[in-house]
Undergrad: 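Have a look at this one before I ask anything.
Keep in mind the model is a prediction, meaning the values are calculated, not measured.
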Amino acid sequence: MALLKSGWLWRQTTVLKRWTLNWCDIWIDGSFVFYKSDSRRDFMQRVSLKTACVDVRSGLECTGVSPPESHPRDNLLVVLLADGSTVNLCANSEDEAIAWKLTIVETKRNPLFTYDPYDDSYQAVPINSHHTVYITPGAGLGRHQVVVQRDPYDGVMDQLALGLLAGMAAGAAMRSFLWMPFMFC
């Protein structure tokens, strides 16, 4: 399984509202996992971003949350969950908080696909609270699972070229109409 982002984040506990430093991983299947250390042995919490995450806020958007000592409010990150709870996080810098937010948003947005070489087709993997997705090579005879993310800019150049062509045609038509009154004089 592919790791999208990992690093240290401050996480606020739900009961006592204390800040603890945790190692965090975001995996391509949408798992946001918290550990006690970077050895990844002491598992703390797992959040499924694809099914549980509703919204992500960072910096001054995070209202009602106070950052840990010596950290500015710009470093805050709040993950709003479907059950109404939140995961309050704090990065070491504003840029790092924005990078975590963008990774969470991209992970939540992009679907997972499997590729079957015999059919030469991609099939979407349903991700919800009742399914667990394991991405492994060789899942079955002759079948390999490959994760593909859609490129959000796929087809942009085609649309841009069509827009430019339409603009040039409209401009040529408008120029010909502007010369019409002079032809009848």
Side-chain angles (χ1 to χ4, degrees), residues 1-114 122-136 145-154 156:
M1 195 163 14
L3 181 65
L4 295 178
K5 184 157 180 59
S6 64
W8 292 101
L9 283 176
W10 290 92
R11 185 173 61 100
Q12 191 174 38
T13 59
T14 54
V15 178
L16 298 176
K17 302 293 183 191
R18 291 184 302 158
W19 289 95
T20 59
L21 191 60
N22 293 129
W23 182 262
C24 304
D25 289 336
I26 296 180
W27 297 91
I28 199 161
D29 71 341
S31 297
F32 195 17
V33 186
F34 301 93
Y35 302 95
K36 285 185 182 179
S37 69
D38 58 350
S39 67
R40 295 184 177 100
R41 290 188 185 151
D42 300 321
F43 172 79
M44 300 283 292
Q45 182 183 4
R46 179 187 175 277
V47 176
S48 175
L49 296 174
K50 292 193 183 284
T51 59
C53 180
V54 175
D55 192 17
V56 183
R57 296 180 182 159
S58 66
L60 299 176
E61 299 172 322
C62 305
T63 57
V65 180
S66 298
E69 290 180 6
S70 73
H71 288 313
R73 187 170 205 70
D74 297 336
N75 299 1
L76 285 176
L77 189 69
V78 175
V79 180
L80 302 169
L81 303 178
D83 64 357
S85 63
T86 60
V87 178
N88 299 329
L89 305 166
C90 186
N92 290 326
S93 68
E94 182 180 1
D95 292 340
E96 192 177 334
I98 292 170
W100 278 99
K101 178 181 178 177
L102 292 175
T103 305
I104 291 170
V105 169
E106 284 297 312
T107 303
K108 180 177 171 27
R109 186 179 67 94
N110 288 331
L112 288 175
F113 291 92
T114 60
Y122 292 95
Q123 295 151 356
V125 176
I127 305 228
N128 58 34
S129 60
H130 304 291
H131 292 89
T132 303
V133 176
Y134 297 100
I135 301 168
T136 58
Q145 294 179 338
V146 179
V147 176
V148 177
Q149 289 186 333
R150 288 187 181 162
D151 186 5
Y153 300 107
D154 189 27
V156 170

Undergrad: Report yes if the side chains of Q45 and V47 come closer than 4.5 Å at any heavy-atom pair, otherwise no.
TA: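 Q45 reaches V47 side chain to side chain.
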Undergrad: Please report the shortest heavy-atom distance between L3 and I26, naming the atom on each side.
TA: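 L3 and I26 have their closest heavy atoms at CD1-O, 3.6 Å.
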Undergrad: Mind checking what makes ring pair (Phe, Tyr, Trp, His ring centres under 6.0 Å) contact with W19, not counting sequence neighbours?
TA: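 So W19 forms no ring pair (Phe, Tyr, Trp, His ring centres under 6.0 Å) with any residue.
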Undergrad: Does any non-hydrogen side-chain atom of L60 lie less than 4.5 Å from one of D74?
TA: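 Yes, at least one pair of side-chain atoms sits under 4.5 Å.
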Undergrad: Got a sec: does the CZ of R57 have more than 12 other heavy atoms crowding it under 6.0 Å?
TA: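 Atom CZ in R57 is not packed in, count stays at 12 or less.
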Undergrad: Heavy atoms, side chains only, cut-off 4.5 Å: are E96 and N75 in contact?
TA: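 Contact flag for E96/N75 side chains = no.
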Undergrad: Tell me if a side-chain donor or acceptor on K17 pairs with a main-chain N or O of Q12 at a distance below 3.5 Å.
TA: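 Here the side-chain-to-backbone pair does not exist.
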Undergrad: Is there a side-chain contact between V87 and F34 (heavy atoms, below 4.5 Å)?
TA: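 V87 vs F34: side chains touch.
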Undergrad: When rounded to the nearest 0.5 angstrom, what distance separates CG in L4 from CZ in F32?
TA: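 L4 atom CG to F32 atom CZ measures 11.5 Å (nearest 0.5 Å).
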Undergrad: Please answer whether the main-chain N or O of I98 pairs with a side-chain N or O of S58 as donor and acceptor at a distance below 3.5 Å.
TA: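 The answer is no, because no donor-acceptor pair under 3.5 Å joins these two groups.
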Undergrad: Would S93 and D95 count as having a side-chain donor-acceptor pair, cut-off 3.5 Å?
TA: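 No, because no side-chain N or O of S93 sits under 3.5 Å from a partner of the opposite role on D95.
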Undergrad: Just wondering, do E106 and K5 contact through their side chains at under 4.5 Å, heavy atoms?
TA: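 No, their side chains stay 4.5 Å or more apart.
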Undergrad: Just to verify, what does Y35 make a ring pair (Phe, Tyr, Trp, His ring centres under 6.0 Å) with, not counting sequence neighbours?
TA: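 For Y35 there are no ring pair (Phe, Tyr, Trp, His ring centres under 6.0 Å) partners, ignoring immediate neighbours.
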Undergrad: Does any N or O in the side chain of N22 come within less than 3.5 Å of the main-chain N or O of C24, such that one atom is a donor and the other an acceptor?
TA: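 No, N22 side chain to C24 backbone: no donor-acceptor pair under 3.5 Å.
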Undergrad: Would you give the length of the straight line joining atom CH2 of W10 to atom CG of N88, rounded to the nearest 0.5 angstrom?
TA: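 Answer for the CH2-CG pair, W10 versus N88, is 14.5 Å.
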Undergrad: When V56 is tested against each of V78, L77, T103 for side-chain contact (heavy atoms from CB on, under 4.5 Å), which residue passes?
TA: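 That would be L77.
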Undergrad: Provide the closest heavy-atom pair for R46 versus S31 in the form atom of the first, atom of the second, distance.
TA: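 In this case the closest contact between R46 and S31 is NH2-OG, 2.8 Å.
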Undergrad: Would you say W100 and L89 make side-chain contact, with heavy atoms under 4.5 Å?
TA: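 W100 does not reach L89 side chain to side chain.
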Undergrad: Which heavy-atom pair separates W23 from S37 by the least distance, and what is that distance?
TA: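 Nearest pair, atom of W23 first, then S37: CB-O, 3.5 Å.
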